[in-house]
Amino acid sequence: MTTHTYYVTTPIYYVNDTPHVGHAYTTILADALTRYQRLLGREAFLLTGVDEHGQKVARTAEAHGISPQAQADRTVVRFLRLWERLGIAYDDFIRTTEPRHVRVVQDALRVLYERGDIYRGAYTGRYCVPCERFLADGELADGRCPDCGRAVERIREEAYFFRQSRYQDWLREHIEHNPGFIRPAFRRNETLGFLRKPLRDLCISRPVSRLSWGIALPFDPAYVCYVWFDALLNYVSGAGYGYDAARFERCWPADCHLIGKDILTTHTVYWPCILRALDLPLPRSIVAHGWWLVEGEKVSKSKGNAVDPFELVARLGVDAFRYLLCADLTPGNDGTFSPERLVERYHADLAGGYGNLVSRVLSLVHRYCDARVPTVNRDETQHLGVHTAIHSAVACVPGAVDELRLDTVCAQVRALVDCCNRCLAEQRPWEEANAAQRPRVVRAVLDGVLAATVLLLPIAPDTATRVLTLLGVPAADWDLGALQDAARGLHAEATVGEPLVLFPRVK
Ligand code: MSP
């Protein structure tokens with residue numbers, strides 16, 4: 001039997017515009033989650049990618065006077081560049097124009113059509129182009145799109161429909177019996193509320209006469225596939241469905257589809273119904289985070305308030321940027337994006353907190369311990385409280401990671417750093433009068449720094465790797481259990497590196 005790989009996905013991003021801090025956030029969270037799973041001893045796989053078809057991309061291309069493919073080709077580079085800059089270690093990157101994906105979509109369409117789960121009918125109603133969504137009258141907010149607030153268009157056309165209505169009761173029961181399927185719980189309630197009204201079949205076609213930029217329906221070339229039906233299937237095409245059976249068996253069902261709250265219905269209603277119709281198991285969880293807001297509005301290019309991640313990374317450094325996004329927002333809730341607050345936190349948590357502690361303890365080791373990790377029996381350091389703090393921080397991580405509460409993990413690191421600083425302030429190992437205690441105090445604080453660093457590996461990988469090297473331990477193959485085990489931590493008498501400034505102060 002193959003062991004299951006913990007499979008994490010991000011939404012695939014539209015290539016109509018350059019990435020902003022909202023896209024960066026989802027992807028950083030997913031990357032850190034994947035790395036935490038590895039730290040917890042699991043195999044893990046991260047998929048991200050881009051959503052290239054649909055009216056939104058076609059219209060942007062037209063406005064730029066280029067083909068949709070050229071629009072996609074030039075925008076995908078910006079995402080790839082950003083992910084590289086942000087240290088996103090994805091295992092695969094899917095583009096929906098790739099043949100491996102197109103084949104999966106066409107096969108799925110064919111199977112569902114042959115089974116009678118896709119049928120021909122007529123659609124009359126409203127459509128929101130930016131969101132690529134059909135909207136019933138009851139769904140409109142003051143006559144506008146309930147999600148983006150923009151004007152909707154009235155359309156009537158012959159179309160193909162996915163018979164998802166037949167799965168409504170099954171889906172409601174699945175959600176009721178699996179509390180962890182949609183998280184957080186209030187989002188689950190939102191979907192259950194949505195499912196209290198009759199579920200309408202989903203229009204999955206666009207006439208080529210109106211929109212040609214899409215995957216052709218295999219049973220009617222006069223139509224292309226609706227972009228959401230196409231896009232959702234990336235989660236299986238990216239996992240090898242239909243062409244890499246071994247990967248698919250390892251990865252599917254996905255463990256966590258990480259999404260923003262704006263795409264809850266497509267993921268928690270359409271997607272499970274599509275999977276059910278294809279006889280595929282459902283993902284274990286769909287986790288929706290909130291939005292970054294500026295002056296109460298969602299950060300987005302179209303609102304003109306987009307924050308450029310490259311700029312912030314240039315100012316603060318990549319690891320600080322990753323840490324600050326993870327620490328500052330409780331996933332689930334919205335948060336106000338404020339560069340001033342991030343800089344404040346940068347100084348408190350990183351420059352003055354963790355960074356300062358690392359340089360402080362390395363200085364002590366160099367000055368008083370001959371640059372070596374002191375050999376100390378762990379029983380002799382218990383009274384200092386650092387090992388108790390390590391224990392409680394490490395114990396809290398699996399649960400926090402499972403709930404995607406990386407802000408909680410960051411708070412644990414802060415608590416550990418505070419505990420180490422308190423220990424130094426109380427024990428004053430630099431004073432001659434305390435020379436006898438010195439090796440114990442320095443060692444306990446070094447152990448605390450090691451634990452904080454390992455906990456930070458998934459969020460701030462470059463910095464943490466650098467610190468582990470300074471501490472004389474390898475950065476690869478850490479697992480959380482090793483932190484609780486005195487025999488597997490620091491190597492006694494190993495030489496430590498010179499103190500350094502990890503997070504310089506910024507203006
Ligand atoms: N292409 C679809 C998703 C298809 S998934 C099968 C899409 N793309 S998107 O580019 O518009 O946005 C994708 C995601 O970016 C959102 O769901 C969300 O995760 C993230 N964010 C975009 N703006 C955001 C904020 N202001 N704040 C936080 N995240 C936001 O929707």
Side-chain angles (χ1 to χ4, degrees), residues 8-31 33 47-58 60 72 75-76 78-79 82-83 88 93-97 101 104-105 128-133 145 147-148 150 187 214 225-239 254 256-272 274-275 283 286-309 325-326 328-338 404:
V8 182
T9 67
T10 73
I12 49 172
Y13 304 101
Y14 286 127
V15 289
N16 62 319
D17 226 326
T18 46
H20 58 68
V21 74
H23 308 127
Y25 177 66
T26 311
T27 312
I28 288 171
L29 221 48
D31 179 64
L33 170 64
L47 178 74
T48 187
V50 283
D51 194 351
E52 306 193 309
H53 292 123
Q55 198 137 315
K56 199 166 166 147
V57 175
T60 309
T75 312
V76 71
R78 301 197 179 132
F79 280 93
L82 181 60
W83 302 155
I88 306 299
F93 186 94
I94 185 108
R95 300 182 58 173
T96 53
T97 49
H101 175 75
V104 167
V105 174
C128 174
V129 175
C131 296
E132 302 272 15
R133 264 187 74 188
C145 171
D147 274 344
C148 70
R150 280 173 278 203
R187 296 283 173 221
C225 179
Y226 170 43
V227 66
W228 267 104
F229 187 92
D230 161 356
L232 287 162
L233 282 160
N234 94 85
Y235 299 132
V236 291
S237 68
C256 179
H257 287 322
L258 184 61
I259 61 168
K261 66 174 187 180
D262 45 335
I263 50 178
L264 186 73
T265 308
T266 47
H267 281 79
T268 60
V269 179
Y270 305 171
W271 181 226
I274 295 170
L275 288 167
I286 299 161
V287 183
H289 64 70
W291 286 340
W292 285 104
L293 310 173
V294 169
E295 285 165 11
E297 292 241 47
K298 180 187 179 200
V299 172
S300 95
K301 267 276 160 138
S302 56
K303 296 215 160 81
N305 62 5
V307 181
D308 179 6
L325 289 192
C326 290
D328 213 50
L329 192 72
T330 302
N333 302 342
D334 290 344
T336 296
F337 189 85
S338 142
L404 222 90

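Whatever order the structure lists ligands and atoms in, that order sets their numbers, starting from 1.
Per-residue contacts place His20 under 4.0 angstrom from the following atoms of ligand 1 (heavy atoms of the residue considered): 22 (C), 23 (N), 24 (C). Every atom of ligand 1 with a heavy atom of Trp292 under 4.0 Å away is listed here by number and element: 25 (C), 26 (N), 27 (N), 28 (C). Interface of His289 with ligand 1, defined as ligand atoms under 4.0 Å from a residue heavy atom, comprises 19 (O), 28 (C), 29 (N). Those atoms of ligand 1 that come under 4.0 Å of a heavy atom in Gly22, given as number and element, are 20 (C), 21 (N), 24 (C), 25 (C), 27 (N), 28 (C), 29 (N), 30 (C). The ligand atoms of ligand 1 that sit less than 4.0 angstrom from a heavy atom of Asp51 are 1 (N), 2 (C), 4 (C). Contact atoms of ligand 1 toward Ala231: 6 (C) (distance under 4.0 Å to a heavy atom of the residue). Of all atoms in ligand 1, listed by their number and element, those nearer than 4.0 Å to a heavy atom of Gly290 are 28 (C). Distances below 4.0 Å separate heavy atoms of Gly260 from the following atoms of ligand 1: 17 (O), 18 (C), 19 (O).
Ligand 1 has at least one atom lying under 4.0 Å from a heavy atom of Trp228. Every heavy atom of Phe337 sits 4.0 Å or more from the atoms of ligand 1. The shell of residues lying under 4.0 angstrom from ligand 1, judged by heavy atoms, includes His267.
When all heavy atoms of Leu275 and Pro283 are compared, the closest pair comes out as CD1-CD, 3.5 Å.
How far CG of Leu47 is from OG of Ser237: 7.5 Å, rounded to the nearest 0.5 Å. Rounding to the nearest 0.5 Å places CG of Leu82 at 8.0 Å from CZ of Phe79.
Remark: the His257 side chain and the Thr9 side chain contain an N/O donor-acceptor pair separated by less than 3.5 Å.
Contacts between Val299 and ligand 1, counted as non-hydrogen atom pairs separated by less than 4.0 Å, involve both the backbone and the side chain. Here Asp262 has side-chain heavy atoms under 4.0 Å from ligand 1, and that is the only part of it that gets that close.
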Requested in this report: Start with the C-alpha distance between Asn333 and His289, add both sets of side-chain angles, then the distance that settles side-chain hydrogen bond (donor to acceptor under 3.5 Å, both in side chains), and finish with yes or no.
Outcome: CA-CA 7 Å; Asn333 302 342; His289 64 70; over 6 Å; no
Requested in this report: Determine, step by step, whether Val57 and Thr60 satisfy the side chain to side chain contact (heavy atoms under 4.5 Å, CB included) criterion, reporting the C-alpha distance in whole Å, the side-chain angles of both residues, the deciding distance to 0.1 Å, and the verdict.
Outcome: CA-CA 5 Å; Val57 175; Thr60 309; 5.7 Å; no
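Contacts of His53 classified as ring pair (Phe, Tyr, Trp, His ring centres under 6.0 Å), with partners at least two apart in sequence or in another chain: Trp213.
A salt bridge does not link Asp334 with Lys298: none of the charged nitrogens is closer than 4.0 Å to a carboxylate oxygen. Residues Asp51 and Lys56 are not paired through a salt bridge, judged by the lack of any N-O separation under 4.0 Å between the basic side chain and the carboxylate.
Counting only non-hydrogen atoms, the option in Leu232, Ile263, Leu264 that gets closest to atom 17 (O) of ligand 1 is Ile263.
In this structure, the protein non-hydrogen atom closest to atom 15 (O) of ligand 1 is His23 CD2, 3.3 Å. For atom 2 (C) of ligand 1, the closest non-hydrogen atom of the protein is Ile12 O, 3.5 Å. Among protein heavy atoms, the minimum distance from atom 6 (C) of ligand 1 is reached at Tyr235 OH, 3.5 Å. Remark: minimum distance from atom 10 (O) of ligand 1 to any protein heavy atom is reached at Tyr14 N, 3.2 Å. Annotation: atom 20 (C) of ligand 1 to nearest protein heavy atom, Thr26 OG1, 3.5 Å. When hydrogens are left out, the protein atom nearest atom 14 (C) of ligand 1 is Tyr13 CE2, 3.7 Å; that is the closest non-hydrogen contact.
Backbone and side-chain nitrogen or oxygen atoms of Ser300 are examined, and none is located within less than 3.5 angstrom of a nitrogen or oxygen of ligand 1. For ligand 1, none of its N or O atoms has an N or O atom of Lys56 under 3.5 Å away. Distances between N or O atoms of Trp291 and those of ligand 1 include no value under 3.5 Å.
For the side chain to side chain donor-acceptor pair (under 3.5 Å) condition, the pairs that include at least one residue of residues 15-25, sequence neighbours left out, are Thr18-Lys301.
Considering only heavy atoms from C-beta on, Thr10 stays 4.5 Å or farther from Leu258 through its side chain. Taking the side chain as every heavy atom from C-beta outward, Asp31 and Trp83 never approach each other to under 4.5 Å. Residues Trp291 and Thr336 are not in side-chain contact: their nearest non-hydrogen atoms beyond the backbone lie 4.5 Å or more apart.
Side-chain atoms of Thr75 never come within 3.5 Å of backbone atoms of Ala72 as a donor-acceptor pair (strictly under, hydrogens ignored).
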